[in-house]
Amino acid sequence: MYLILANRLREALTRHVAETYNLSVEISLEKPPKIEMGELASPFCFDLAKRLKRAPRHIAQEIATSLAAIPGIARIEVAGAGYLNAFFDRTVFWDSVGSESFAAPPAPSGGKIIVEHTNINPNKAAHIGHLRNAILGDTFVRLLRHSGRRVETQNYIDNTGVQVADVVVGFLHIEKRTAPNIRALSQEPRFDYYCWDLYAKVTQFYEEDKTRLALRGETMQRIEEGIGEAAEVAETVADAVVGCHLRTMARLDIRYDLLPRESEILRLKFWDAAFVKLKETGAIHLASAGKNAGCWVMPWTQGEGATPAATVAAEAPAPEDADAQAKVIVRSNGTVTYVGKDIAYQLWKFGLLGRDFHYAAYPSPSGEIIWMTTSSAGDPHPPAFGGAELVYNVIDARQAYLQQVVSAGLRALGHNSEADRSIHFSYEIVALSPRCAREMGYELSPEDAKKPYVEVSGRKGLGVKADDLLDRLEAATLAEVHQRHPLMPPAEQRATAHAIAVSAIRFFLLKFTRTATIAFDFEDALSFEGETGPYCQYAVVRIRGIRRKGAEAATGGAGQVSKEFLSGIFSGAEGQGLWELLLLTGSLDSAVDAAIGAQEPAFVAKYAFQLAQSFNNFYHKHHILSEEDPQKRSFLLQITERVEAQLVRALSLLGMEAPEKM
RNA sequence: GCGCCCGUAGCUCAGUUGGAUAGAGCGUCUGCCUUCUAAGCAGAUGGUCGGGGGUUCGAUUCCCUCCGGGCGCGCCA
């Protein structure tokens, strides 16, 4: 509701200024520092003052008196040196929040948005860093869908890459297992944990003798060609680990529409199609000299961002130098790099490749149907995948350069508009606090010990596994629930503990903005007090407690609240605090809008916390069920209902569920 | 060397396109459970917004510069 009023005010002011002064201005709106100053304020008269060469306060005065009435806004006042402050009509707002809180979300419409996230190499268990990616992506998808956008979630599976190859080397050359044996092993529930350890062993295996790296090359080649034991084992391992990842993510209520696999990018000749286009347009060329001789390269200069090939060519000092700086797309042995495949994939996402995958539906480990790409015939009538008008790639900040290369690839092919609509949803990594790294049994080098945090490393086997963290959280929450509610049925205890654990971890990873590097520490992550998910859930649980008790005591019925009562209480002594709570309750739309605009789910996490905090404050000031005045009791009850509806909605956008009791 | 990110209270972080007296959580200290759940509330403590210039009516926010930290620049992904 807040957003609606803000937009209404902005439009009215823009129109008024255009008509009165024949000027077009950008109306910036902000929240005044104090609620006594109104709910919305604009300093745009300061800008206007310059252009009109008049005092800002006089202009503000003039506008305030001549502006036509705006529905939902009671009055507009001049404040300070020339601010315009708007005051909402509180009884109108009350009604609007009531209908808004219980309205159904809009049906999806408009062009498709693809959000790609998770993308964990299927060769080891998911760790805390992967969780940040998946939770950010999943939450962003929820926000987009909530605001009526049509969204397709994709989790790209690099099942033919070097990381899978390394684990295959481990199985075949260190452990000397056979394909059937590995297949049997892959059925174990935590096969991903086994691979985690094996992957670290492979790293050592190479370090002991560098010539062993030849095994990696051979294995990769076999996997890419899709023939022999290595390819068979790679498929077994990748499929099984993907299953583990899907189970892990399902624990956090994270799901996908499609799993596009790299094997299909290769076998369905996606790359060949992209290669032809890139060659035809001159976007890439064969380097004839220098260190990249024999490779197909894309010209590149670091600095000006994604620089189109043409501009680079004009400024390049010498062809050899330029080629040495260029990004290799096809290696001299003819194999394509990851970026090359990514360009093809990105073209497909926009429907620009002229090819499509085959698709097959599988029951996912958590039960529902999930679509996966396949090289064989596939389903005759799959849903229409791809063909998006906007693409968000959720990838950590270290890969910014590669994302720019992909974008430059699209530009070089003349798809400027699609390049603009290829958005790198970037975020900083989750590292471990030095204390946490030690706790994980990792010996810190003197340099590492001095650092503020230690980077997670799959290769070294250093990291906090997602399932371990969840297990620990669930154990802690279950113990607490058990103690508080000994009579609760065990199944409900477990469900409650699970909901609290999920909210703890999701909120913990969402409360930081994307540019903050998170130094992970068990103490912070296992905290359930203060700015945490459980704190937000607790506010809802309190409201539900009131409703239960109210129903038992037959005092819960929320009767009519008259307009006179509303305007009376909001203008009375205790009205300010009540109004602030209502205002915040009606501001979810504004928080979601800002979160989508800034690609910052943290805004919604912050909102949920503030609303919970504001409610807790209200809860202590007003004892609802013992309120003698029936009209006031109804009013207080209806506030809590509105808060509950909006807070539950905010939490569900964050992927969190509020239990009945906790 | 080039590029990106960060520097705000003891610690961890917010601060929405430049706006009114810079906020929250944790920590420390003091109160509050016979009451709708204390996973809570109230209060106290705590700041040269890394330093210095500049633009502006106005800068934590924009520009320059310096200092300190992280990351990226592979025929790895």
Qualifying residues under side-chain contact (heavy atoms from CB on, under 4.5 Å), relative to A:Glu26, sequence neighbours excluded: none

Sugar-phosphate, base or nothing in reach of A:Gly161, heavy atoms under 4.0 Å: nothing

P-based separation of B:U56 from B:C2 [nearest Å]: 30 Å

Under 4.0 angstrom between A:Asn121 side-chain N/O and B:A77 OP1 or OP2: no

Gap between atoms CZ and P, on A:Arg542 and B:C33 respectively (whole Å): 15 Å

Which residue lies more 5' along RNA chain B, comparing A:Glu262 with A:Pro534 via nearest heavy atoms: A:Pro534

Length of the CH2-C1' vector between A:Trp296 and B:C75, whole Å: 15 Å

Residues that A:Lys460 engages under side-chain hydrogen bond (donor to acceptor under 3.5 Å, both in side chains), provided they are two or more places apart: none

Same-atom distance (C1') from B:A14 to B:U28, integer angstrom: 22 Å

5' priority, RNA chain B, between A:Ala519 and A:Arg459 [closest heavy atom]: A:Ala519

Atom-to-atom span, CZ of A:Phe507 to C1' of B:C13 - whole angstrom: 12 Å

Sugar-phosphate, base or nothing in reach of A:Val541, heavy atoms under 4.0 Å: base

Whole-Å P distance, B:G27 and B:C5: 34 Å

Give me the distances for all protein-to-nucleotides 69-71 of chain B N/O pairs that come in under 3.5 Å?
from, atom 1, to, atom 2, distance (Å)
B:G70, O2', A:Tyr453, OH, 3.1

Interatomic distance where OH belongs to A:Tyr401 and P belongs to B:A77 [whole Å]: 13 Å

Side chains of A:Ile343 and A:Met298 in contact at under 4.5 Å (non-hydrogen atoms): yes

Distance in angstrom units between A:Gln399 CD and B:G3 P, rounded: 22 Å

Separation of B:A77 C1' from A:His130 NE2 (nearest whole Å): 11 Å

Within 45° cone of A:Phe425 ring axis and under 6.0 Å: A:Arg514 NZ or CZ: yes

P atoms of B:C76 and B:C71, separation to the nearest Å: 23 Å

All side-chain hydrogen bond (donor to acceptor under 3.5 Å, both in side chains) counterparts of A:His58, not counting sequence neighbours: none

Heavy-atom donor-acceptor pair, A:His424 side chain to A:Ile395 backbone, under 3.5 Å: yes

Sugar-phosphate, base or nothing in reach of A:Ala525, heavy atoms under 4.0 Å: nothing

Qualifying residues under side-chain contact (heavy atoms from CB on, under 4.5 Å), relative to A:Ala594, sequence neighbours excluded: A:Phe603

N or O in side chain of A:Tyr619 less than 4.0 angstrom from B:U35 OP1/OP2: no

B:C76 phosphate, OP1 or OP2, under 4.0 Å from A:Arg331 side-chain N/O: yes

Test salt bridge (charged side-chain N to carboxylate O under 4.0 Å, His left out) applied to A:Arg544 - qualifying residues, sequence neighbours left out: A:Glu644

Sugar-phosphate, base or nothing in reach of A:Leu402, heavy atoms under 4.0 Å: base

N-glycosidic conformation, B:C33 - syn within 90 degrees of 0, else anti: syn

Base versus backbone protein contacts along nucleotides 24-32 of chain B [heavy-atom cut-off under 4.0 Å; B, S, -]: SSS------

Sugar-phosphate, base or nothing in reach of A:His424, heavy atoms under 4.0 Å: nothing

Within 6.0 angstrom of A:Glu627 CD, more than 12 heavy atoms from elsewhere: yes

Crowding at CD, A:Glu523 (>12 non-hydrogen neighbours, <6.0 Å): no

Within 6.0 Å of NE2 in A:His622, more than 12 heavy atoms from elsewhere: yes

Pairs involving residues 601-614 of chain A, ordered by first then second residue, that meet side chain to side chain donor-acceptor pair (under 3.5 Å) (sequence neighbours left out): A:Glu531-A:Lys606

A:Phe512: ring pair (Phe, Tyr, Trp, His ring centres under 6.0 Å) partners, not counting sequence neighbours: A:Phe508

Touch class at under 4.0 angstrom, heavy-atom based, for A:Ala400 against every strand present: nothing

B:A39 phosphate, OP1 or OP2, under 4.0 Å from A:Arg484 side-chain N/O: yes

Cation-aromatic face contact A:Arg212/A:Tyr206, 6.0 Å, 45 degrees: no

Sugar-phosphate only, base, or nothing, as touched by A:Asp521 at under 4.0 Å among non-hydrogen atoms: nothing

Touch class at under 4.0 angstrom, heavy-atom based, for A:Lys661 against every strand present: base

Range-with-range stems of RNA chain B (Watson-Crick or G-U pairs under 3.5 Å, three or more in a row): B:1-5 with B:69-73, B:10-13 with B:23-26, B:27-32 with B:40-45, B:50-54 with B:62-66

Under 4.0 angstrom between A:Asn292 side-chain N/O and B:C75 OP1 or OP2: yes

Sugar-phosphate only, base, or nothing, as touched by A:Val540 at under 4.0 Å among non-hydrogen atoms: nothing

Whole-angstrom distance between B:G50 and B:C6, as gauged at atom P: 12 Å

Between CG on residue A:Leu52 and SG on residue A:Cys45, distance to nearest 0.5 Å: 9.5 Å

Selected nucleotide, minimal atom distance to A:Ala594 side chain, candidates B:U12, B:U16, B:C41: B:U16

Donor-acceptor pair between A:Asn616 and A:Tyr535 side chains, under 3.5 angstrom: yes

All side-chain contact (heavy atoms from CB on, under 4.5 Å) counterparts of A:Ile4, not counting sequence neighbours: A:Met1, A:Arg8, A:Asp589

Touch class at under 4.0 angstrom, heavy-atom based, for A:Ile500 against every strand present: base

Atom P, compared across B:G54 and B:C13: separation rounded to whole Å: 33 Å

Touch class at under 4.0 angstrom, heavy-atom based, for A:Phe528 against every strand present: base

Ring-base stacking, A:His623 with B:C36 (5.5 Å, 30° cut-offs): yes

Interatomic distance, A:Lys460 NZ vs B:C76 P [rounded to whole Å]: 21 Å

A:Leu286 and A:Cys295, any side-chain heavy atoms less than 4.5 Å apart: no

Nucleotide-resolved protein contact map, nucleotides 17-22 of chain B, B/S/- at heavy-atom distance under 4.0 Å: B-BBB-

No-H, no-angle donor-acceptor pair, A:Thr515 side chain to B:C5 base, under 3.5 Å: no

Protein-nucleotide distance (A:Ile546, atom CD1; B:U35, atom C1'), rounded to Å: 12 Å

